[in-house]
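To start, the structure under review is shown below, and the notes come after it.
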Amino acid sequence: DSGVTQTPKHLITATGQRVTLRCSPRSGDLSVYWYQQSLDQGLQFLIQYYNGEERAKGNILERFSAQQFPDLHSELNLSSLELGDSALYFCASSAEGRIYNEQFFGPGTRLTVL
Amino acid sequence: KNEVEQSPQNLTAQEGEFITINCSYSVGISALHWLQQHPGGGIVSLFMLSSGKKKHGRLIATINIQEKHSSLHITASHPRDSAVYICAGKTGNQFYFGTGTSLTVIP
């Protein structure tokens with residue numbers, strides 16, 4: 001158990017809908033990272049937050065947004081969902097925002113868009 | 001073309017064998033991350049390294065920044081090592097992921 005929790009575990013929704021994925025980092029970790037893993041694209045880095053502020057942005061679509069709250073949990077919002085958004089979404093946390101910090105991954109949320 | 005290439009894509013080994021998985025990258029990176037993804041989907045971070053060598057139990061990771069190459073070695077492989085191993089290069093604030101090496105260790 002990494003100490004990172006993600007809810008929900010599974011999510012099934014329809015095209016055009018909006019969903020929110022939630023991540024609670026390990027106790028004391030200030031950084032949260034979001035990743036998408038799809039069958040055709042593999043793992044992709046979406047976005048990183050550090051202590052409430054956006055730190056780095058990867059291949060995140062404009063339809064997606066994220067935030068990190070004062071209690072350090074983070075939410076990833078996906079809107080106007082398309083079939084291609086079906087994927088596993090992982091969050092990870094690390095103690096700081098520095099590049100050498102090890103990341104601890106949550107169990108993932110499996111999103112299915114029908 | 002992927003910025004990060006892994007080889008081999010698939011690997012089958014007998015229990016006890018020494019295993020090497022390679023990762024080459026074309027972008028300049030500041031650190032490299034080795035991840036293990038279990039059949040159930042969970043991801044575990046194995047190593048984050050920027051130079052030299054790191055060892056944890058039966059796992060050893062090496063990196064040569066100048067040659068843009070990293071290797072993950074597993075000594076005395078065991079069926080529980082069966083998983084997908086993914087390397088990821090970090091450059092600036094971006095991560096570039098390899099497509100993974102699927103390892104199966106047969107008893």
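In the text below, chain A, chain B and the rest are named by the order of the sequence lines, each starting its count at 1.
- In the hydrophobic clustering of this structure, A:Tyr33 does not group with A:Leu21; members are Ile, Leu, Val, Met, Phe, Trp, Tyr whose side-chain heavy atoms approach within less than 4.5 Å, directly or through other members.
- Among residues 32-39 of chain B, the residues having any heavy atom closer than 4.5 Å to a heavy atom of chain A are, in sequence order, B:His33, B:Leu35, B:Gln37.
- For a residue to count as touching a neighbouring chain, one of its non-hydrogen atoms must lie under 4.5 Å from one of that chain's; by this rule A:Gln44 touches chain B with the backbone only.
- In the hydrophobic cluster analysis, where Ile, Leu, Val, Met, Phe, Trp and Tyr join through side-chain heavy atoms closer than 4.5 angstrom, B:Val27 is grouped together with B:Leu49.
- Around atom CG of A:Leu39, no more than 12 heavy atoms belonging to other residues, nucleotides or ligands sit under 6.0 Å away.
- Hydrophobic clustering (side-chain heavy atoms under 4.5 Å, transitive across Ile, Leu, Val, Met, Phe, Trp, Tyr) keeps B:Ile60 apart from B:Tyr85.
- Contact residues of residues 94-107 of chain B toward chain A are B:Gln94, B:Phe95, B:Phe97 (heavy-atom distance under 4.5 Å).
- Using a 4.5 Å cut-off between side-chain heavy atoms of Ile, Leu, Val, Met, Phe, Trp and Tyr, with links allowed through other members, A:Leu43 and A:Tyr89 fall into different hydrophobic clusters.
- Shown here is A:Arg110, whose CZ atom has no more than 12 heavy atoms of other residues, nucleotides or ligands within 6.0 Å.
- The candidate from B:Ser45, B:Gly42, B:Ala88 with the greatest count of non-hydrogen atom pairs under 4.5 Å with chain A is B:Ser45.
- At a 4.5 Å heavy-atom cutoff, the contact between A:Phe90 and chain B is made by side-chain atoms alone.
- Taken together through direct or relayed side-chain contacts under 4.5 Å among Ile, Leu, Val, Met, Phe, Trp and Tyr, B:Val84 and A:Phe45 form part of one hydrophobic cluster.
- The number of heavy-atom neighbours closer than 6.0 Å to CD of B:Gln9, taken from other residues, nucleotides and ligands shown, is 12 or below.
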